[in-house]
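The figures that follow rest on heavy atoms only: side chains count, while hydrogens, waters and symmetry mates do not.
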Amino acid sequence: MKLKFFLLDTDYIIEKGISKIRLWGKSADGKNGVVFFDSDPYFYVLPSDIKRAKSEIERALEKKKLRIKGIEEVEKKLSGELRGFLKITCLLPQDTQKVRDAIKVLEKERGGTGSVIDEYEYAINFYRRFLIDKRIDGNCWLEIEGEKKDTDYRVDFAINARKINVLEDISIPELKLLAFDIETFEVAGKKRIVMASFYGRGLKRVLTDQKASYPDWVDLVKDERELLQGIVKTFQGYNPDIIVTYYGDSFDFQVLNERCQANKVKLIISKDKSETKFTRRARISSARLKGIVHIDIFNFISNILSPGLQTEVLTLDAVSSELLGDRKIEVDYQEMLEAWRKGKNLLKLAEYCLKDAELTYRLAELLLPQSFEISKTVGQICFDVSRMTYGQLVEWHLSREANERGEIIPNQPKYAEILKRKKATYVGGFVKEPTAGIHENISVLDFRSLYPSLIVSFNISPETLNCDCCRGDGYRVPGLDYWFCKRRQGFIPSVIKGLIEKRGEIKRRLKELKKSSLEYKVFNNRQYALKIIANATYGYFGFAGSKWYSKECAESCTAFGRYWIKKTIEEAKNRGLEVIYADTDSLFLKTRNKEIERETEEFLDYINKKFPGVLELDLQGYYERGIFIPKGASKGTAKKRYALVDKNGELLIRGLETVRRDWCSLAKEVQRKVLVFVLKEKDLKRAKDYVKGVVEKIRKKEVLLRDLIIYEELTKPIESYKQIGPHVMAAKKIRERGGEVGEGMLVMFVITRGTGSISERAEPVEFSSLEEIDSDYYIHHQVLPAALRVLQVLGVKGEELAC
DNA sequence: ATGAATCGGGG
DNA sequence: GTGTACGATTCAT
């Protein structure tokens, strides 16, 4: 039989000693299914003497009693050079590492005969390698040929495939999304789930076991065990294709799993009826449900979107407010706890819980299409892609491109090598520190994809670096003793050129499409995916864990970049424009007269004619006023700090917001208001008076204790702290007074008067009062630093505000 | 200054 | 072992 099949998820199993890839997805008529495909794991060996290597490998494997499927001679490119390799085909995915271990001892450095030089691609995950080999574009339509198979899975069909083809169809079928969220409280020192919410098309439900009168979208159950059973049943009953959470990898599913174990409830949601798996990837484990894609949208936001967001904290509230223009329901954490304990106001808690699921759902609706297009560019499934960092996206994209070009994928560096690389530094982009203070009539310009353009224009790639053929006439790197080949295109430039060309083609098509059409949205997401991968590739040259690491390439990129931005600054100055601030690929300009728009446009016309082909300066926007804070202005980081306000009065704040939770809310409020007074109302005096007023109020204790609370989490057991910070000290005090403290607890504390370090004076908020608080601490360590971060550049001194 | 320790997102 | 992060910030020496 033949079937059109949309791929959602991939994994593998071993059945009767045979490795099988499992493809989970949907048929064109909306049925859920699974496809099995036999596949063999393999890797490559680079021999010095191919015949001798082959016989020595066979002997070595025999000695270790390791069985393999076969050895064959193949030709592959290593750094652009065609070489003879041995392809070792194994029986099971876990064998590749074992077989490789038995072979590596033949290398000379490891005391062998030297018939083997190195091994490659032995650590590539089995199903990901399958996707690369089959040229499958992550989430895409496939044509499956095969016959029916019997399984006990919760699916509509199962197929044993003989043939799999990728189809050219950009559509995405209707997918059932279900957002999920839980609320937990510590009851008698133990964390338990008190509420759960689901949000999907046709399903808006909250489950809880605390009695109250609820509307009909709340299901009341008997106890936590029934609540957990209800959660599992709801998942199974709704049968979603995709489950979305916000931070579910590290919180919701972790807690759900713990509570299910404690209550002896089986957490079986997946389609093969296996329990929810937590696969550790680096620090966090991801919660994986076989056959159902769990997307923790926080990962995608944190890894991919965060640099482009205004907010510096990635709370669901801040992210939703920026991306959706909607916010969480405002509930004070302590109020919520009270509500639960007393069984009062529970409707608000239920609404809060459902709203979280709704926001998560809407974020997913907005962001999943982007993640799907990244999947197609990178060639991996969205479960993985949605959790990848930029470096990993680039790596998988390059791996797939290398495979297509018959290039061997280089090995990951060893740990010692990574440490060495981390020590190696090179000069970064050019930064012209901002002229401190307020500026008016500003235009912001940036180079369109600066580094990708430079990589293609100057053929920057590890194997084109200092080539023999262009000694003396290659592309010279300004200020460095390097050159790049002019005769044959390098691997990285050829990959990036492909991305740029594809993006150009899509952008042309976009012009012919209606903005509201589905096609427009799909293509727009795709051009965005191509752009972010192209832009991130430069960083991958200099990333310590990179498979295509080249410090020389990375520093050549920045050297070319510095050369061109400096030249641009010169030209701007020559034309009477003032450069307030420049960083790597962006410039902030102003003029003496008010005609910034006309002058900027003329400048752009002029300068773009002077640049070599692909390099182009773009207008990012015009702003009425802006405040710039140079690096040394106040103690703090090297981060860029500025705030701009446009004609419509919209504030754009970068690097300034002290919205982190280790600042009390009063300090956050003060900084925001100061910015508004200074930038929007142009009233420095009012800003100063306002801060003075707040300082006075703190002295007179006319503020609310809740605005002084600092929140910090105990991220590990309290005994294991070497450095006793304020939150650790406060937690210890809670325990001394008979309270329960544990890992993962959010400690709420204030700083009180007295002697000793700040840590020693940290008091849990429940044991403290406004009377005891240390006004000086709140004035000098919270409110003034937050205000001065802005006001200092306007010549305001701390003493002026608090005398 | 430099290096070690800690935190984030969730509740 | 189906990838043990990473970058910013603060504390301790």
Engineer: Indicate, with a heavy-atom threshold strictly under 4.0 Å, whether Ser302(A) touches base, sugar-phosphate, or nothing.
Structural biologist: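 No contact.
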
Engineer: Could you give the side-chain donor-acceptor pairs of residues 180-192 of chain A under 3.5 Å, partners two or more places apart or in another chain?
Structural biologist:
from, atom 1, to, atom 2, distance (Å)
Arg192(A), NH1, Asp209(A), OD2, 3.4
Arg192(A), NH2, Asp209(A), OD1, 3.0
Arg192(A), NH2, Asp209(A), OD2, 3.1

Engineer: Once you round it to whole Å, what is the distance between P of dT4(C) and CE of Met388(A)?
Structural biologist: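 Checked: the CE to P distance equals 13 Å.
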
Engineer: Quick one: which of dT6(B), dG3(C), dG10(B) gets closest to the side chain of His727(A)?
Structural biologist: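 Within the option list, the nearest is dT6(B).
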
Engineer: Under a 4.0 Å N-O cut-off, is there an ion pair linking Lys104(A) with Glu119(A)?
Structural biologist: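 Glu119(A) and Lys104(A): not salt-bridged.
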
Engineer: Under 4.0 Å between a side-chain N or O of Tyr711(A) and OP1 or OP2 of dG10(B)?
Structural biologist: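 False: Tyr711(A) side-chain N/O out of range (4.0 Å or more) of dG10(B) OP1/OP2.
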
Engineer: Kindly indicate whether the side chain of Trp340(A) and the base of dG11(B) share any N or O donor-acceptor pair separated by less than 3.5 Å?
Structural biologist: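 Per atom types, no contact qualifies.
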
Engineer: Side chain of Leu316(A) only, please: which of dT2(C), dC6(C), dG10(B) is the nearest?
Structural biologist: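 When the side chain of Leu316(A) is considered, dG10(B) is the closest of dT2(C), dC6(C), dG10(B).
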
Engineer: Of all the choices, dC6(C), dC7(B), dG3(C), which nucleotide is nearest to the side chain of Tyr721(A) once you look at every atom?
Structural biologist: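 Shortest atom-to-atom distance from the side chain points to dC7(B).
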
Engineer: Could you state the OH-C1' distance from Tyr415(A) to dT4(C), rounded to the nearest angstrom?
Structural biologist: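 Atom OH in Tyr415(A) sits about 11 Å away from atom C1' in dT4(C).
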
Engineer: Here's a test for you: under side chain to side chain contact (heavy atoms under 4.5 Å, CB included), which of Asp296(A), Asn299(A), Thr279(A), Asp384(A) qualifies with Ser286(A)?
Structural biologist: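 Output: one option passes, namely Thr279(A).
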
Engineer: Would you say Lys328(A) reaches dG11(B)'s phosphate, i.e. side-chain N/O to OP1/OP2 under 4.0 Å?
Structural biologist: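 So the side-chain polar atoms of Lys328(A) do come within 4.0 Å of the phosphate oxygens OP1 or OP2 of dG11(B), strictly under.
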
Engineer: How would you label the contact of Asp356(A) with the nucleic acid (heavy atoms, under 4.0 Å): base, sugar-phosphate, or nothing?
Structural biologist: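 Sugar-phosphate, backbone atoms only, no base.
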
Engineer: Please state whether the base of dG3(C) and the side chain of Glu395(A) form at least one donor-acceptor pair under 3.5 Å?
Structural biologist: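 Side chain to base: pair present.
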
Engineer: May I have the distance from Asp249(A) (atom CG) to dG11(B) (atom P), rounded to whole angstrom?
Structural biologist: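 Between P of dG11(B) and CG of Asp249(A): 15 Å.
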
Engineer: Between dG3(C), dG11(B), dG10(B), spot the one nearest the side chain of Tyr246(A), thanks.
Structural biologist: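 Ranking dG3(C), dG11(B), dG10(B) by closest atom to the Tyr246(A) side chain puts dG10(B) first.
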
